A.B. asks: 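Just passing along the structure, written as structure tokens.
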Protein chains: 2
Amino acid sequence: MVELENTFKALGDGNRIRILASLLSRKELCACQIHEWLGVSGATASKHLNILMRVGFIKSRKNGRWVFYSMNSDHRSLQTLVRWLKKEVTTSLELQKDLQGLEKVTACSLIELRRKQRLKASVS
Amino acid sequence: MVELENTFKALGDGNRIRILASLLSRKELCACQIHEWLGVSGATASKHLNILMRVGFIKSRKNGRWVFYSMNSDHRSLQTLVRWLKKEVTTSLELQKDLQGLEKVTACSLIELRRKQRLKASVS
DNA sequence: TTTCTATTTAGTTAGTTAGCTAAATGTCAA
DNA sequence: TTGACATTTAGCTAACTAACTAAATAGAAA
């Protein structure tokens with residue numbers, strides 16, 4: 001029951017729904033891309049990603065310093081829920097418009113993106 | 001998106017999951033039965049029931065002073081989610097054991113139940 | 001080996017929420 | 001009409017949580 005509760009709790013946050021929406025529309029995204037697109041700090045994005053990983057919605061892989069996240073299709077009992085969510089995301093004009101922001105985030109290389117983020121962070 | 005978020009938030013509480021489990025196993029229950037079975041105050045049960053009603057999971061009908069709650073099958077987009085939840089509830093030994101407590105709560109009349117609740121409240 | 005870098009973890013804070021008691025509201029019975 | 005009663009709403013409080021900054025961790029480059 002705690003597992004069930006935590007599954008729904010994980011989904012009960014707008015930014016975590018957005019993360020899943022982004023990973024349902026792109027095969028894989030880097031932590032820095034997700035944090036950029038979400039518009040929150042890297043630390044906050046990391047926390048959200050961890051919650052979604054612990055519940056089993058997403059998985060990650062490392063490539064050197066880079067961490068990539070994607071949907072986890074291994075957790076069988078969640079797939080119906082994920083399919084339902086995907087349908088809701090697909091039919092939401094608001095979320096579809098939100099996802100357009102991913103174009104810009106994924107248009108440059110990760111190195112370039114991080115360079116811009118570090119620059120922006122030093123200004124504030 | 002706020003609607004989606006609120007739907008999951010509504011489910012992100014153990015007692016609200018339990019309420020839905022009880023209404024998935026019994027056609028209809030009275031507010032006082034739910035509050036008795038949940039083991040929380042009437043005020044708290046009422047708040048939880050209101051959240052579930054606002055999101056569309058359940059509906060209510062009044063019979064004099066008595067208020068009865070049941071699953072709401074009118075909200076089409078929630079039905080897949082409810083079916084998934086029902087499956088999770090059915091396969092959870094913990095929740096099935098929890099639901100056994102409904103036998104005792106529904107064994108006596110509503111009037112008898114309320115008489116006992118008022119007696120218990122006056123002792124504390 | 002040292003420095004740089006991407007990410008995660010720790011700690012803090014303001015906002016949110018589940019629990020309770022008391023009061024309010026609506027319905028019934030005398 | 002008044003009093004009893006079932007339920008809901010209001011108000012309070014302790015616990016929880018999303019946001020941030022700073023520190024820690026891990027990996028790469030010089």
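Not measured: the values here are computed from a predicted model. Lettering follows sequence order; numbering is per chain, from 1.
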A.B. asks: Just the rounded figure in Å: distance from P of C:dT7 to CD1 of A:Ile34.
C.D. replies: 10 Å
A.B. asks: Going by the rule side chain to side chain contact (heavy atoms under 4.5 Å, CB included), which residues pair with A:Ser73 if we only count those two or more places apart in sequence or in a different chain?
C.D. replies: A:Gln79
A.B. asks: Can you list the residues that meet the side-chain hydrogen bond (donor to acceptor under 3.5 Å, both in side chains) rule with B:Gln33, with sequence neighbours excluded?
C.D. replies: none
A.B. asks: Suppose the criterion is ring pair (Phe, Tyr, Trp, His ring centres under 6.0 Å): which pairs have a residue in residues 38-61 of chain B, not counting sequence neighbours?
C.D. replies: none
A.B. asks: To the nearest angstrom, how far is A:Ile51 atom CD1 from C:dT9 atom C1'?
C.D. replies: 13 Å
A.B. asks: What pairs with B:Thr44 under side-chain hydrogen bond (donor to acceptor under 3.5 Å, both in side chains), at least two apart in sequence or on another chain?
C.D. replies: B:Ser41
A.B. asks: Can you tell me which residue pairs pass the ring pair (Phe, Tyr, Trp, His ring centres under 6.0 Å) test with a partner in residues 71-118 of chain A, sequence neighbours excluded?
C.D. replies: A:Trp84-B:Phe8
A.B. asks: Measure the distance from CZ on A:Arg54 to C1' on C:dT9 and round it to the nearest whole Å.
C.D. replies: 12 Å
A.B. asks: More 5' along DNA chain D: B:Arg118 or A:Asp13, using each one's nearest nucleotide?
C.D. replies: B:Arg118
A.B. asks: Please list, chain by chain and in numerical order, all residues satisfying salt bridge (Lys or Arg N to Asp or Glu O under 4.0 Å) with A:Arg118, sequence neighbours excluded.
C.D. replies: none
A.B. asks: Quick one: A:Glu36 CD to C:dT7 C1', roughly how many Å, whole number?
C.D. replies: 15 Å
A.B. asks: What pairs with A:Arg26 under salt bridge (Lys or Arg N to Asp or Glu O under 4.0 Å), at least two apart in sequence or on another chain?
C.D. replies: A:Glu103
A.B. asks: Can you give one letter per nucleotide of nucleotides 7-16 of chain D, 5' to 3': B if a protein heavy atom sits under 4.0 Å from the base, S if only from the sugar-phosphate, - if neither?
C.D. replies: SBB-B-----
A.B. asks: In residues 103-113 of chain A, what residues come within less than 4.0 Å of DNA chain D, judged by heavy atoms?
C.D. replies: none
A.B. asks: If I take atom CG in residue B:Leu119 and atom C1' in nucleotide D:dC5, what distance separates them, rounded to the nearest angstrom?
C.D. replies: 15 Å
A.B. asks: Roughly, in whole Å, what's the span from CG in B:Leu11 to P in C:dA18?
C.D. replies: 12 Å
A.B. asks: Can you pull the ring pair (Phe, Tyr, Trp, His ring centres under 6.0 Å) pairs that have at least one residue in residues 13-43 of chain B, sequence neighbours excluded?
C.D. replies: none
A.B. asks: With heavy-atom distances below 4.5 Å as the criterion, would you say the side chains of B:Leu95 and B:Glu88 are in contact?
C.D. replies: no
A.B. asks: How would you list all residue pairs meeting side chain to side chain donor-acceptor pair (under 3.5 Å) that involve residues 62-72 of chain B, not counting sequence neighbours?
C.D. replies: none
A.B. asks: Quick one: do A:Glu94 and A:Lys97 make a salt bridge, cutoff under 4.0 Å?
C.D. replies: no
A.B. asks: CG of A:Asn63 versus P of C:dT5: gap in Å, rounded?
C.D. replies: 18 Å
A.B. asks: Identify, residue by residue, the members of residues 15-27 of chain A with a heavy atom below 4.0 Å from DNA chain D, and return them in order of residue number, or none.
C.D. replies: A:Asn15, A:Arg16
